[in-house]
Amino acid sequence: MTAAPLGFEACIVHGRATWKHCTPLPKALFGSGAFARFRHATRECCAHAPDLHNPGYGLLRTCGGRPMSKRALPITREQNFPDWYQAVVRDGDMAETSPVRGCMIIKPWGWGVWERIQAELDTRIKDTGHDNCYFPLFIPLSFIAKEAEHVEGFAKEMAVVTHHRLMNKDGKLVVDPDAKLEEPLIVRPTSETIIGDAFQRWIKSYRDLPLLINQWANVVRWEMRTRLFLRTAEFLWQEGHTAHADRDDAMAETLKMLEVYREFSENILAMPVIAGEKPANERFPGADNTYSIEAMMQDGKALQAGTSHYLGTHFAQAQNIQFQNQQGQLTHCHTTSWGVSTRLIGGVIMTHGDDDGLRLPPKIAPRQIVIVPMLRDKPEDKELLDYCGGIEKELKAAGIRVLVDAKPTKSAEKRWNWVRRGAPVIVEVGGRDASGGNVTYMRRDALRDGDKIASHTSPRDAFVAGAAALLDEIQARLYAEAKARLDGNIISNITTFSGLEDYFGAAAGDDEGGVFKGWARVAWSKPEGEKLEAIADRLKALTIRNAPMVQDKVQGACLFTRRTRKEYVLIARAY
RNA sequence: CGGAGCGUAGCGCAGCCUGGUAGCGCACUUGCUUCGGGAGCAAGGGGUCGGAGGUUCGAAUCCUCUCGCUCCGACCA
């Protein structure tokens, strides 16, 4: 470690912590063996251990004086959170971007997660008395125009179908101008209007109420800025729509489903959330009250993970949804709507992922235990596969989703693929395990012990018997970890606007450089209208997430208006 | 849609300043050797350098436009 290595100088000259100068050099320059590890060092070491740039310096063992650890992803959360997120989505086999801008291809592993989410949530929706049905993708343009705020809210992001035929013109396929639709159709951004139209026909009497409907569907909102799972032009969701005789009943429904979302998020996704009411400026277009569950991502930003709306009688009046009450009077219904989407998957990734990839809570993992037999392309392989098959059969019988990955890929490669995908438990079985009646396994929630991979050996029968409990423990541990992060990063002692600016950085619009900032809990007087708009403008990139349902005793004056405080709200940057 | 950065093989990148017809590592294929673990050696396959124009004898490289991605802003149940 003597002369200043060239690579180091170049980095400094360019003034950026780039890894451009770290491209591995031809093998001839290195001793064998050492070189293979270089790629793992590349990104991490570029900034910290410039010596590594230069062939001839002891490349591999150190990173800024610390022992190098190999990671399964090419980038860490600390280096660049958005890039890390994309790497997890890609290397975890969750999804890809599609040829159509803003849309995504959900791959089998990602789809498996969505199927688990659907199964768990669908049960809860049915258990609370709702029936599934399906309404069309296309909505007449005139429908969306019925509710004034609703139109305004969605008009800017609507996909519109205007023609129904193509024609061949000079060898090119073009839209046939003669095939113009009399009334354009919009691709649903949400289904209040088309479902309301049906409700209007279905509801005659108080005996028809409450009407409790849900549908699983895709919707389209033409977004300017998209991110896989978090915000895509087309996404999948469930939308519940209900009609009630009075406000109390509708409000109870709204809050009931909010609570279903909270419980689902925490117990199934292991993603702790704070349920609360959105401020007026964040309400759903056409709603009287909007409630949300908000989750804290590992970069400190908030993610709105689900919403539930009390729509009052706005849609009922716009669409003539009326019933005859017991006194024989014609009365407007009170309606609600509520939904969660594929965005939840993005939330799971940013809640549980680590620098080795995804970590899936067992309850939504498509495969909870993956068995990797260490095949050697020899006759003994068959015995090994039989041994694995026996374990598989018993785990299946215990209701565990298990896979034997018998692909003829190198077993080390298979292991790391499952690490990146986030399989909760990865079992590796070699000949010695088989003959000794053992298994060796790794827990994805506790993959490493220092720089080593933490693998455990257990008698086969004990492992099988304890597998369900092990999965429960992993689920609980992932939740506890996320819960500690949420609880530990809500700051409550800010009482002035300048204090808020100081905490989040004076110009909230500036690039924060990935510095973790949690949320701020502040007292406010719950202003509405222009006053609220003014506050929202002043907050710039910060947003008022919600006023938690569970409120501590409120102290102090409103941070914005200095008036009497009414409640606490949470303030954060958000996705 | 405004500001900034970036598009070279599946992934990560070099080459561009100073034009000469494309490289490295990983991954992939084949063979041999290994084998309690992200193996070694050797031989291979894969790229119209995001796209379209222009300058030039010649463009990944220079110029113009365009599309896409990321971040910030605006916007956003």
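Convention: sequence-line order gives letters A, B, ...; per-chain numbering from 1. Keep in mind that this is a model prediction, so the values were computed, not measured.
- Under 4.0 Å is where a charged nitrogen must lie from a carboxylate oxygen, and between D288(A) and R247(A) no such pair does.
- Only the C1' atoms considered, C17(B) is 24 Å distant from G12(B), to the nearest whole Å.
- Remark: A39(B) base-pairs with U33(B); criterion is Watson-Crick or G-U wobble with both hydrogen-bond distances under 3.5 Å.
- Judged by closest nucleotide on RNA chain B, G431(A) is the one of G431(A) and T97(A) placed further toward the 5' end.
- Across all strands shown, C67(B) is found opposite G7(B) as a Watson-Crick or G-U wobble partner, with both distances under 3.5 Å.
- Map T290(A) and R101(A) each onto its nearest nucleotide of RNA chain B; the residue landing nearer the 5' end is R101(A).
- As a whole-Å value, the separation of I75(A) CD1 from G12(B) P is 9 Å.
- Here C26(B) presents its P atom at 17 Å from CG of N417(A), a figure rounded to the nearest Å.
- Atom CG of D299(A) is separated from atom C1' of U70(B) by 14 Å (rounded to the nearest Å).
- Between R71(A) and G12(B) there is no side-chain N or O to OP1 or OP2 distance below 4.0 Å.
- Remark: Q86(A) is not in phosphate contact with C69(B), judged by side-chain N or O atoms under 4.0 Å from OP1 or OP2.
- An OP1 or OP2 oxygen of C72(B) is reached within less than 4.0 angstrom by a side-chain nitrogen or oxygen of K301(A).
- The residue D91(A) sits apart from the nucleic acid: no heavy atom pair falls under 4.0 Å.
- By the 6.0 Å and 45° rule, K301(A) stacks over the aromatic ring of Y575(A).
- Here G38(B) is the nucleotide among U70(B), G38(B), G12(B) with the atom lying nearest to any side-chain atom of R448(A).
- Base pairing of U48(B): no nucleotide in any strand meets the Watson-Crick or G-U wobble criterion (both distances under 3.5 Å).
- Residue contacts for G286(A): at a heavy-atom cut-off of 4.0 Å it reaches no nucleic acid atom on any strand shown.
- Nucleotide C62(B) is matched to G54(B) when pairs are restricted to Watson-Crick or G-U wobble geometry with both distances under 3.5 angstrom.
- As rounded to whole Å, 10 Å separates atom C1' of C11(B) from atom CZ of R420(A).
- Figure legend: cation-pi geometry between R343(A) and F235(A) absent, as NZ or CZ is not positioned both under 6.0 Å from the six-membered ring centre and within 45° of its axis.
- Salt-bridge annotation for E413(A) and K407(A): absent, with no side-chain N of the basic residue lying under 4.0 Å from a carboxylate O of the acidic one.
- Remark: C1' of C76(B) and CD of Q304(A) are 10 Å apart, rounded to the nearest angstrom.
- Contacts with RNA chain B (heavy atom under 4.0 Å) in residues 223-233 of chain A: E223(A), M224(A), R225(A), T226(A), R227(A), R231(A), listed by number.
- Side-chain contact between D356(A) and R448(A) is present, with at least one heavy-atom pair separated by less than 4.5 Å.
- Among the protein residues, K378(A) comes within range of the nucleic acid bases, having at least one heavy atom under 4.0 Å from a base atom.
- Residue T440(A) is in base contact, counting any heavy-atom pair closer than 4.0 Å across all strands shown.
- G73(B) is paired with C1(B) under the criterion used here, namely a Watson-Crick or G-U wobble arrangement in which both key atom distances are under 3.5 Å.
- The distance between atom CG of N80(A) and atom C1' of U70(B), rounded to the nearest whole Å, is 8 Å.
- As judged by a 4.0 angstrom heavy-atom cut-off over every strand, S411(A) is placed among residues making no nucleic acid contact.
- For L542(A) and G73(B), the CG to C1' distance is 13 Å, given to the nearest whole Å.
- For the pairing with I186(A), the side chain to side chain contact (heavy atoms under 4.5 Å, CB included) check across I194(A), V220(A), I139(A) returns one residue only, I139(A).
- R343(A) comes within contact range of no nucleotide atom at all, as no heavy-atom separation falls under 4.0 Å.
- The local environment of CH2 in W416(A) is crowded, with over 12 non-hydrogen atoms from other residues, nucleotides or ligands closer than 6.0 Å.
- In this structure, H150(A) and T193(A) have side chains that are in contact, with non-hydrogen atoms separated by less than 4.5 Å.
- Not one side-chain nitrogen or oxygen of R415(A) sits closer than 4.0 Å to the OP1 or OP2 atom of G38(B).
- Across all strands shown, the partner of G12(B) is C24(B), judged by Watson-Crick or G-U wobble contacts whose two distances both fall under 3.5 Å.
- In this structure, R188(A) fails the cation-pi test against F135(A), since its NZ or CZ atom is not both closer than 6.0 Å to the six-membered ring centre and inside 45 degrees of the ring normal.
- Rounded to a whole angstrom, the distance from the P atom of G15(B) to that of C62(B) is 12 Å.
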